[in-house]
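Single-structure report; data block below.
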Amino acid sequence: MNRSAIKSIYNPHQTKETLGETNFPKRRKERIQYPLVKVFRLVFILFCIVGIELPISPKRRKNRYPRTHRRDVRVHRILSCCRKCPKYFVLIIFFVIITEMVWDIINLEDKRTAATYFLLIVFTLILLMSIHKSRRAMFRMTQMLSEVFKSFPSYNLNLVRYLSHALLVFSVTVSVYLAIVFNFHSTSLAYTEKRKFCENNGVTDFLNLQSYCFVTFQTVGCLTLAVGSILFSLFSVFYSLVCILIQVLLNHLLNKINKANSTEEFHKPLFLFEFVSKIMNCLEDSFSSSVFLETVMSMVGMFRAGYILVFLSSVRLDYLPLMFFGIVVFVHHLLIMISAATANEKAALTMKSLSCRILESETDLRFKLRRISGEHKSLSVWKIYALDRSLVVTSVGTLLTYGMLIGTIGKDHQWRWDMAAQLYPRYQVRLNDMEASKLARN
């Protein structure tokens with residue numbers, strides 16, 4: 001007879017874990033028990049690379065493993081340390097780049113550009129911290145979505161999965177490419193000033209590090225820009241993917257509500273709508289501030305690209321990656337706005353359909369629907385403005401209006417006279433008078 005069996009005879013209250021027979025493969029199976037893990041797998045992997053360690057399983061108690069599994073405990077500890085390495089690496093990179101940006105603001109001549117970059121870096125760090133704080137809500141929402149999708153086993157999510165993965169791979173590739181281009185192929189004044197400082201500094205001369213200091217700063221800047229761009233793309237794809245799945249569920253609920261003929265058939269759609277409403281409430285409570293930061297960062301990127309395209313007299317090839325980056329940012333901006341606005345519209349339509357189809361005599365169903373509608377929260381921008389379709393036009397119009405005002409402050413308008421002289425010859429006389437007056441002053 002086995003030794004563990006003998007122990008169990010003498011002490012039948014002992015469990016398998018106390019006998020040292022912890023079933024680790026069973027725990028691994030529990031991690032992948034929900035089907036939506038295939039849709040979110042690539043998103044979760046990239047989040048871990050960026051430094052946001054997502055919980056693949058529910059939170060466990062910090063209990064001691066049995067002595068018979070010391071080797072497994074060592075392996076578990078080594079793997080947990082390896083998972084935490086990207087987080088600390090990203091924090092070190094952000095600390096170095098913030099220090100460099102503070103130096104740029106103090107010493108460089110172009111303080112407006114340095115301040116803008118510093119503001120974007122701070123926003124990116126706050127976005128990283130807010131997503132890291134709400135990382136368990138991501139896992140909870142995917143579990144809740146999986147539970148709801150069990151009611152619709154015939155629906156295939158492969159199309160949503162492949163489209164989201166294709167958009168994510170394209171965005172990450174473009175982000176890494178643009179990070180390399182912006183840092184190692186720049187011709188701006190800040191680039192040349194920083195290079196001169198690193199090569200002619202007394203500390204670098206003493207340590208003989210002239211060739212390594214500037215490359216180190218540029219590499220850290222490249223890594224920071226790549227991490228920020230990947231994080232921006234990851235969050236926009238994750239948020240829009242959750243909103244799209246919510247739309248799919250609400251469309252199925254609307255079809256069931258429209259086909260229902262008796263009162264008993266409204267119990268299941270009402271229960272499912274309550275579950276979907278909880279998912280939307282969790283999404284709103286956890287990520288509304290992140291949506292606000294993402295919106296501000298996308299509008300800053302679009303303003304920078306539009307400013308180069310409109311206000312500069314000659315657009316060089318060096319500015320093409322920045323304009324391409326503005327297009328990618330605009331696509332992610334539209335992705336968040338339209339998906340969230342459509343989810344809000346579908347939720348309002350489902351609520352209206354349920355209130356119209358449920359009879360007044362069904363007091364229990366009416367009371368439950370009233371309670372769900374009172375607890376329901378629409379997706380918004382940091383609980384300031386509910387996301388709807390008009391916000392897309394409003395954001396673009398605000399960017400154009402205030403962007404034109406900010407961009408024209410302190411700028412020379414000589415290029416407008418050049419364009420007017422080419423279109424209308426009568427302005428050529430006034431342009432010649434202006435040039436003559438400038439020569440006389442000199």
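Predicted model, so just to flag it, every value in this text is computed and none were measured.
- Residues Val169 and Leu42 are in side-chain contact: their nearest non-hydrogen atoms beyond the backbone lie under 4.5 Å apart.
- In this structure, Thr394 and Ser390 approach most closely via the heavy-atom pair OG1-O, 2.8 Å.
- Here the closest non-hydrogen pair linking Ser298 and His333 is OG-ND1, 3.0 Å.
- Distance alone, capped at 3.5 Å, is enough to place a donor-acceptor pair between the Ser373 side chain and the Arg370 backbone.
- The main-chain N or O of Asp388 is never found under 3.5 Å from a side-chain atom of Asn344 such that the two would form a donor-acceptor pair.
- Looking only at distances, no side-chain donor or acceptor of Arg389 sits under 3.5 Å from a matching main-chain atom of Ala341.
- Residue Leu272 holds its CG atom at 11.0 Å from NE2 of His252, rounded to the nearest 0.5 Å.
- Note that the CZ atom of Phe123 and the CZ atom of Phe292 stand 6.5 Å from one another [nearest 0.5 Å].
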Ser229/Leu178 under side chain to side chain contact (heavy atoms under 4.5 Å, CB included): CA gap, chis, key distance, verdict: CA-CA 9 Å; Ser229 303; Leu178 292 177; over 6 Å; no
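- Leu245 has its side chain out of reach of Val148: every pair of non-hydrogen atoms, C-beta onward, lies at least 4.5 Å apart.
- Under the side chain to side chain donor-acceptor pair (under 3.5 Å) criterion, Lys346 pairs with Asn251, not counting sequence neighbours.
- Put simply, the side chain of Arg357 never gets that close to the backbone of Phe266: no donor and acceptor are under 3.5 Å apart.
- Applying the 6.0 Å contact sphere to CZ of Phe89 captures no more than 12 heavy atoms from other residues, nucleotides or ligands.
- Two residues are said to be in side-chain contact when any heavy atoms from C-beta on lie closer than 4.5 Å; Leu125 and Ile98 meet this criterion.
- A salt bridge does not link Lys259 to Glu265: none of the charged nitrogens lies less than 4.0 Å from a carboxylate oxygen.
- Residue pairs meeting the ring pair (Phe, Tyr, Trp, His ring centres under 6.0 Å) criterion with at least one partner in residues 156-177, sequence neighbours excluded, are absent.
- Checked by atom type and distance alone, the side chain of Ser277 never pairs as donor or acceptor with a backbone atom of Phe273 at under 3.5 Å.
- Contact annotation: the side chain of Leu145 approaches that of Val242 to within less than 4.5 Å [non-hydrogen atoms, C-beta and beyond].
- Residue Leu231 comes nearest to Thr124 through the heavy atom pair CD2-O, 4.1 Å, listed as atom of the first residue, atom of the second, then distance.
- Counting only heavy atoms from C-beta outward, the side chains of Leu283 and Lys377 never approach each other to under 4.5 Å.
- A tilted orientation is assigned to the rings of Phe44 and Phe238, their planes being inclined by 30° to 60°.
- Rounded to the nearest 0.5 angstrom, Phe325 CZ and Phe330 CZ are separated by 14.5 Å.
- Side-chain atoms of Ser134 do not come within 3.5 Å of backbone N or O of Ile131 as any donor-acceptor pair.
- Distance OG1/Thr142 to CG/Leu241: 10.5 Å, rounded to 0.5 Å.
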Side chain to side chain contact (heavy atoms under 4.5 Å, CB included) between Leu391 and Val381, intermediate numbers included: CA-CA 10 Å; Leu391 187 61; Val381 182; 4.0 Å; yes
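- Shown here for Leu250 and Ala343, the closest heavy-atom pair between the two residues is CD1-O, 3.9 Å.
- Looking only at side-chain heavy atoms (C-beta outward), Lys383 and Asp285 come within less than 4.5 Å of each other.
- Atoms OG1 and CE, on Thr224 and Met101 in that order, are 8.0 Å from each other to the nearest 0.5 Å.
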Hey, mind stepping through His332 and Ser240 against side chain to side chain contact (heavy atoms under 4.5 Å, CB included) and telling me if it holds? CA-CA 9 Å; His332 285 289; Ser240 60; over 6 Å; no
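- In terms of heavy-atom proximity, Lys256 sits nearest to Pro269 at CB-CG, 4.4 Å.
- Residues Met299 and Tyr402 fail the side-chain proximity criterion, which asks for heavy atoms closer than 4.5 Å.
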Let's go through Leu354 and Leu253 carefully: what are the C-alpha distance in whole Å and the side-chain angles of both, what is the deciding distance for side chain to side chain contact (heavy atoms under 4.5 Å, CB included) to 0.1 Å, and is it a yes or a no? CA-CA 10 Å; Leu354 284 171; Leu253 286 179; over 6 Å; no
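- Annotation: the span from Ile121 atom CD1 to Phe94 atom CZ amounts to 6.0 Å, rounded to 0.5 Å.
- Contact of the Ile45 side chain with the Arg41 side chain is registered, since non-hydrogen atoms from C-beta on lie closer than 4.5 Å.
- The backbone N or O of Ser171 sits less than 3.5 Å from a side-chain atom of Ser175, completing a donor-acceptor pair.
- Cys243 and Leu379 get closest at one heavy-atom pair: SG-CD1, 3.7 Å.
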